[in-house]
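What follows is one structure encoded as structure tokens, with my remarks underneath.
What's counted below: heavy atoms across the whole structure, side chains too, no hydrogens, waters or symmetry copies.
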Amino acid sequence: MAVARRKQQQWLKACFSAWKQTDVAYSKLAHSRNLSLNMVWAFECLSEHPEGVEPAVLADEANLLRQTMTVVLNDLEDQGLVTRKFHPTDRRKKIILLTEAGLQVCSEILNTIARCELEALSELSEEDQHLLFKLTTRFCQGLVSKLSLSANDDNK
């Protein structure tokens with residue numbers, strides 16, 4: 001039992017190391033375009049809302065704190081990549097829209113990421129791709145469940 005547990009811990013350590021390397025690679029790509037990784041996540045969400053979207057919705061969709069999204073949007077606005085407009089029915093709210101320059105940068109970075117991800121995925125057979133998705137989904141769902149339970153126990 002202890003040997004199996006040690007082996008699982010080694011696998012998890014290697015898996016988390018690979019995930020960290022992936023984060024570093026995404027960050028390097030973003031920084032090469034004078035962007036932060038959070039800006040890339042904002043672009044991903046903005047690309048799904050060509051009509052514009054409220055900052056709070058962006059923050060929720062990007063899984064970022066609202067304060068963090070405010071900083072990201074300020075930086076994107078300073079670079080001329082997004083603009084803030086008044087909400088059409090509630091003047092207390094703002095709508096975030098990509099500018100023409102923002103559309104170009106957004107498209108370029110997201111297309112580069114998609115191309116790289118697809119090229120990496122194509123190195124696996126279709127069977128391996130299916131297995132990867134199946135096992136990753138199952139592991140992540142289990143991990144989210146266990147972490148949520150642990151967080152709830154800590155809040156008691």
Side-chain angles (χ1 to χ4, degrees), residues 11-124 129 132-156:
W11 288 338
L12 286 172
K13 188 175 181 178
C15 185
F16 291 136
S17 176
W19 285 345
K20 288 178 194 175
Q21 289 173 16
T22 303
D23 279 348
V24 168
Y26 280 113
S27 292
K28 283 182 180 178
L29 177 66
H31 288 121
S32 76
R33 270 76 169 174
N34 198 31
L35 302 169
S36 70
L37 193 52
N38 286 339
M39 288 176 175
V40 173
W41 304 148
F43 275 147
E44 188 172 334
C45 296
L46 284 164
S47 72
E48 298 293 322
H49 299 279
E51 73 288 355
V53 63
E54 294 177 39
V57 173
L58 271 180
D60 291 345
E61 288 183 7
N63 291 314
L64 295 174
L65 296 173
R66 291 180 182 192
Q67 300 90 320
T68 302
M69 184 55 74
T70 298
V71 172
V72 167
L73 293 174
N74 288 342
D75 291 343
L76 289 171
E77 189 173 40
D78 289 346
Q79 291 184 30
L81 302 175
V82 299
T83 186
R84 290 177 166 107
K85 303 278 186 191
F86 284 110
H87 191 281
T89 60
D90 187 345
R91 305 243 333 140
R92 294 170 297 172
K93 295 180 181 180
K94 299 283 186 183
I95 296 294
I96 307 301
L97 292 158
L98 289 166
T99 63
E100 286 300 318
L103 283 166
Q104 187 175 356
V105 171
C106 176
S107 177
E108 191 274 330
I109 190 76
L110 295 182
N111 287 340
T112 299
I113 288 170
R115 178 182 48 78
C116 292
E117 290 171 342
L118 289 170
E119 287 174 5
L121 192 59
S122 71
E123 294 178 12
L124 300 176
Q129 290 176 30
L132 171 68
F133 294 134
K134 181 179 173 184
L135 294 177
T136 301
T137 300
R138 197 162 76 198
F139 173 74
C140 289
Q141 288 171 343
L143 183 59
V144 166
S145 174
K146 301 300 180 195
L147 291 172
S148 295
L149 287 173
S150 184
N152 289 336
D153 289 345
D154 291 346
N155 290 328
K156 290 181 180 178

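- Both the sub-6.0 Å distance and the 45° axial angle are not jointly satisfied by K93 relative to the ring of F86.
- In this structure, C45 and A62 approach most closely via the heavy-atom pair SG-N, 3.6 Å.
- For M39 against D75, the heavy-atom pair with the smallest separation is CE-CB, 3.2 Å.
- The heavy-atom pair separating L124 from Q129 by the smallest distance is O-NE2, 3.0 Å.
- The environment of E100 atom CD is sparse: at most 12 non-hydrogen atoms of other residues, nucleotides or ligands sit within 6.0 angstrom.
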Exercise. Should S32 and L29 be marked as a side-chain contact (heavy atoms from CB on, under 4.5 Å) after you check the CA-CA gap, both sets of side-chain angles, and the distance that decides it?
Worked result: CA-CA 5 Å; S32 76; L29 177 66; 4.1 Å; yes
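- Under a 3.5 Å cut-off, the side chain of S107 and the backbone N or O of L103 do not form any donor-acceptor pair.
- In Q104, the CD atom is not crowded: 12 or fewer heavy atoms of neighbouring residues, nucleotides or ligands sit closer than 6.0 Å.
- Counting heavy atoms from C-beta outward, L121 and E117 have side chains that stay 4.5 Å or more apart.
- Contact annotation: the side chain of L76 never approaches that of I96 to less than 4.5 Å [non-hydrogen atoms, C-beta and beyond].
- By the 4.5 Å heavy-atom criterion applied to side chains, W19 and D23 are not counted as neighbours.
- Between the CG atom in L81 and the CG atom in L97 there is a gap of 13.0 Å [rounded to 0.5 Å].
- Side-chain contact between I109 and F43 is present, with at least one heavy-atom pair separated by less than 4.5 Å.
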Donor-acceptor pairs are to be reported for all side-chain atoms of residues 63-70 against protein atoms at under 3.5 Å, with residues two or more places apart or in another chain.
unit_1	atom_1	unit_2	atom_2	d
R66	NH2	D60	OD2	3.4
T70	OG1	R66	O	3.0

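- Residues T112 and R33 form a side-chain contact, since some pair of their non-hydrogen atoms from C-beta on lies under 4.5 Å apart.
- What you find for I95 and H87 is that their closest heavy atoms are CD1-CD2, 3.5 Å.
- S150 places no side-chain N or O within 3.5 Å of a backbone atom of L147 that could act as its donor or acceptor partner.
- Nearest approach of L73 to V82, heavy atoms of both residues: O-CG2, 3.8 Å.
- If you check the side chains of Q141 and S145, you find no donor sitting under 3.5 Å from an acceptor.
- The heavy-atom pair separating L37 from S27 by the smallest distance is CD2-OG, 3.5 Å.
- Side-chain atoms of L135 and F139, non-hydrogen and from C-beta on, never get closer than 4.5 Å to each other.
- The side chain to side chain contact (heavy atoms under 4.5 Å, CB included) test with Q79 is passed by exactly one of N74, L35, V105: L35.
- Under the 3.5 Å distance criterion, the side-chain polar atoms of S47 are matched with a main-chain donor or acceptor of E44.
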